[in-house]
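Structure, as structure tokens:
Hydrogens, waters and symmetry mates are skipped; everything else that's a heavy atom, side chains included, is used.
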Amino acid sequence: MKKYISITISAALLAMPCVLQAQTKSTKSKTTTEKLDRSIRPEAAPAPLINIGKYESFTLENGLKVFVVENHKIPRVSFSLLLDYNPVPEGNMAGMADFTGQLLRTGTSSLSKDQLDEEVDFIGASLSTSSTGAYASSLKKHTEKLVSLMADVLMNPSFKAEELDKLKTQAISGLKAAQNDASVISDRISKQLVYGATHPYGESMTEKSIENISSEHCQAFYQAFFKPNIGYLAIVGDITTAEARTLVEKYLGGWEKGEVINYLPESPKVPASNVVAIVDRPDAVQSALRIGYPVELKTGSEEAIKARVMNTILGGGTFRLFNNLREDKAYTYGAYSQLMADKLTGRFMVNTEIRNSVTDSAINEIFNEMRRLREELVPADELNLAKNYLNGNFALSLENPQTIANFAITTARFGLDADYYANYMKNLSAVSAEDVKATALKFIKPENAYILAVGKAADIAPRLMQFGGGKSIKYYDFEGKEYDPDKKVKPAPAGVTAESVNLMYINAIGGEKALRKIKDITMMATTSMQGMTIGFDFYRKAPNKYMMKVGAGEMVFQKMVFDGTTAKLVSPMGGENKTLEGNELEDMKVEATLNAELFYTQIGISLALDGIEEVNGSDAYRLVLTYPSGKQSTQFIDVKSGLKVKETGEQGVATFSDYREVDGVKFPYAISQQMGPQTIDMKVLTVKINSKLKDELFVIE
């Protein structure tokens, strides 16, 4: 379970001067000998007036709107560009906008990526791009050079196919890693449920959509949407407005304006009644839970401040949801809610990670808290705590000059009153308990929500049936494709047993006779992590000696050794060192058994056949292994080839491919191991059989 630690600094201290002022007023007429009655709560002082800070603005002839916030405390200047366009549906090329933004930073018509990186690094600057703009920052003395580089990136991108290929490879690797990350899956599918699969906010990239994207597509997207007349440029730091105008006109004045599509997607609607959905993770012991729906809440609207107070009380920090589900019930490490305003369609969302056994109880408590906001007035002390919390955050944000620029841009983008932010704390203080209840009645909908749980369907589905109002639970895979769970796992043909499937696998990799001839195995593999080549060396010797080393060159990062009796994890570079005990030791004994599939009964592993499931477009038997420790894993044995193509368990998901024969026995030369958000793609370099490994190799030091 992911542990969320929320440390909140109370903003009540900000109100201290007001309290003291009120006490002073109430005691002026009293004699110095009269005691202060501390049972009487002092009256609240008026909300303080906020000095937002000054900014200057101007507009270039090409329509680029520029906002300058001078701050001469540090000799540094930053430039933030926002392109204000409505997102468009990307369909079978989902991810195109993201790739376009990333490609801008991979070179221009005059600079390769390496040359651009060198130019930026030489002046100690930072320069990044995205699908909606760019950010750059440097010391004052390098400002002109920085602006020239930023302008080159924005106006003359090269869109090289080879650079896109690198980005696509990274993205696909990230998708593979995310397939085993419940939090990422829940965020992905919950967006689709709330907005719809064809809405720009509901789309997510897939391996197929990534493959469909070309550099020409990205260039076309750039030409359609990267226009200065929809741009807002914030310049913050040690610079005057006159200096800023000179630089911007010189380097960005030639950026040609153009018409931009103003796409308006159909607004999604809340469901008529609660809808329950599950993404099945058969080996999960907890569920990532999301409860949400679309809301019509516009940025800067009259209701926005009231809605923020209301959501803060519900779950905008360590408030009701957190206190109920964590502090009172101990169901989770944290539970939170968001009520997000948006110029198109906003969203309400509750998110938490819950033990499978209390998933239904947690949902009931979440709905109880939602209903309580709709039905009861918030107590004064709780309301004041939430408002103080928001006041404090707002006041702290004003210490950052970038905030002033963001306020200016937001005011211009959404047509807010010029004094909207100056009056923010006053309007926040005016929010009443009645306002909170009325806002909850409008935006909190416990009867019209999408309930998504990413977890073990066998455990949680029976618990979630009660929330669907008699409707069937919807099932989705990682990519958001809905499927019938009764058809996902098909029954195995009559006569096929767990034992016959295991024998099928033994025969596919070489047969029992060939396997029994193996006395030791040495395997060398590599992977690339953060630009470094990491080596994995595996040594096995009959009947059950095992050693694994992980390192780079002569450096050994970690070593696991089992001598047949004792197992020890050693980290020479300063990591964890420990001797395995209990269930960890029992599992190691099984792991160390050479060709364990021949000896399942002897080493206490029981087998069960759990039907047939499609893996990478081919049918595979689901062979469930239960270890002496009680731990389970599922092996997927291809129906046609008999080879193991996948294995899932507590340690994540592993896939196996590129089988090659070595001395009559087949070994997978491509192994992908997913552990949480990380994926390790190992390429096997060599496999050696019966090289007469010495027992000294497996000695515990």
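Between D117 and K113 there is a salt bridge, since a side-chain N of the basic residue sits under 4.0 Å from a carboxylate O of the acidic one. With respect to the salt-bridge test (charged N to carboxylate O, under 4.0 angstrom), the residues D238 and R76 do not qualify. Looking at E256 and K227, no side-chain N of the basic residue comes within less than 4.0 Å of a carboxylate O on the acidic one, giving no salt bridge. A salt bridge is defined here as a Lys NZ or Arg NE, NH1 or NH2 lying under 4.0 Å from an Asp or Glu carboxylate O, and E243 with R245 fails to meet this definition. Salt bridge present: D84 and K343 bring a charged side-chain N and a carboxylate O closer than 4.0 Å. For the pair E382 and R320, the salt-bridge criterion is met [side-chain N within less than 4.0 Å of a carboxylate O]. Under the 4.0 Å criterion applied to side-chain N and carboxylate O atoms, E303 and R308 are not assigned as salt-bridge partners.
Under a cut-off of 6.0 angstrom, the local environment of CD in Q115 is crowded, with over 12 non-hydrogen atoms contributed by other residues, nucleotides or ligands. Enclosure of atom NZ in K257 is not indicated, since only 12 or fewer non-hydrogen atoms of other residues, nucleotides or ligands lie within 6.0 angstrom. In K141, the NZ atom is not crowded: 12 or fewer heavy atoms of neighbouring residues, nucleotides or ligands sit closer than 6.0 Å. Within 6.0 Å of CG in L264 there are more than 12 heavy atoms belonging to other residues, nucleotides or ligands. Taking a 6.0 Å sphere around CD of E327, one finds it holds more than 12 heavy atoms contributed by other residues, nucleotides or ligands. Annotation: E162, atom CD; neighbour count of heavy atoms from other residues, nucleotides and ligands within 6.0 Å is above 12.
When side chains are defined from C-beta on, M93 does not count as touching S209, because their heavy atoms never get closer than 4.5 Å. In this structure the side chain of V309 never reaches within 4.5 angstrom of the side chain of T312, judged on heavy atoms. Two residues are said to be in side-chain contact when any heavy atoms from C-beta on lie closer than 4.5 Å; L289 and N351 fail this criterion. The shortest distance between side-chain heavy atoms of V550 and I534 falls below 4.5 Å. P89 places a side-chain heavy atom less than 4.5 Å from the side chain of E203. Counting heavy atoms from C-beta on, the side chains of L64 and V248 come closer than 4.5 Å. Side chains of L175 and E207 form a contact here, defined as non-hydrogen atoms less than 4.5 Å apart. Contact of the P87 side chain with the L344 side chain is registered, since non-hydrogen atoms from C-beta on lie closer than 4.5 Å.
Remark: the N427 side chain and the N423 side chain contain no N/O donor-acceptor pair separated by less than 3.5 Å. For S109 and S158, the side-chain atoms include no donor-acceptor pair closer than 3.5 Å. At a cut-off of 3.5 Å, with distance as the only test, no side-chain donor of T345 or D342 sits close to an acceptor on the other residue.
Remark: aromatic rings of Y424 and F394 are close, center separation under 6.0 Å. Checked against the 6.0 Å centroid criterion, the rings of F159 and Y222 qualify as a close aromatic pair. Aromatic pair Y336/F319: ring centres not closer than 6.0 Å.
To the nearest 0.5 Å, atom CG of residue L111 and atom CG of residue N156 are 9.5 Å apart. Distance check, rounded to the nearest 0.5 Å: CD of E249 to CZ of F58 gives 6.5 Å. Taking OG1 of T108 as the start and NZ of K160 as the end, the distance is 8.5 Å to the nearest 0.5 Å. Atom CG of N577 sits about 9.0 Å away from atom CD of Q558, to the nearest 0.5 Å. Atom CG of L81 is separated from atom OG1 of T129 by 10.5 Å, given to the nearest 0.5 angstrom. Put simply, OH on Y135 and OG on S78 are 4.0 Å apart, with the number rounded to the nearest 0.5 Å.
Listed for the K387 side chain is a donor-acceptor partner under 3.5 Å among the backbone atoms of S429. Without hydrogens or angle criteria, R326 side chain to A335 main chain gives no donor-acceptor distance under 3.5 Å. Under a 3.5 Å cut-off, the side chain of N86 and the backbone N or O of Y263 do form a donor-acceptor pair. Panel note: side chain E90, backbone A97; a donor-acceptor pair is recorded below 3.5 Å. Of the possible polar contacts, none joining the K145 side chain to the V120 backbone as a donor-acceptor pair under 3.5 Å is found. Formation of a donor-acceptor pair under 3.5 Å by the N62 side chain with backbone atoms of W255 is found in this model. T100 contributes no side-chain N or O that, together with a main-chain N or O of S131, makes up a donor-acceptor pair within less than 3.5 Å. Without hydrogens or angle criteria, K298 side chain to E296 main chain gives no donor-acceptor distance under 3.5 Å. Of the possible donor and acceptor atoms, none in the side chain of T106 sits under 3.5 Å from a partner among the backbone N and O of E163. Checked by atom type and distance alone, the side chain of K168 pairs as donor or acceptor with a backbone atom of I213 at under 3.5 Å.
Judged by a 6.0 Å distance limit and a 45° cone about the ring axis, R347 is not positioned over the six-membered ring of Y195.
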Apply the test side chain to side chain contact (heavy atoms under 4.5 Å, CB included) to residues L252 and L233: give CA-CA distance (whole Å), side-chain angles for both, the deciding distance (0.1 Å), then the verdict.
CA-CA 11 Å; L252 292 172; L233 179 63; 4.0 Å; yes

Test side-chain hydrogen bond (donor to acceptor under 3.5 Å, both in side chains) on E70 and H72 and set out the steps.
CA-CA 6 Å; E70 295 187 31; H72 303 286; 2.8 Å; yes

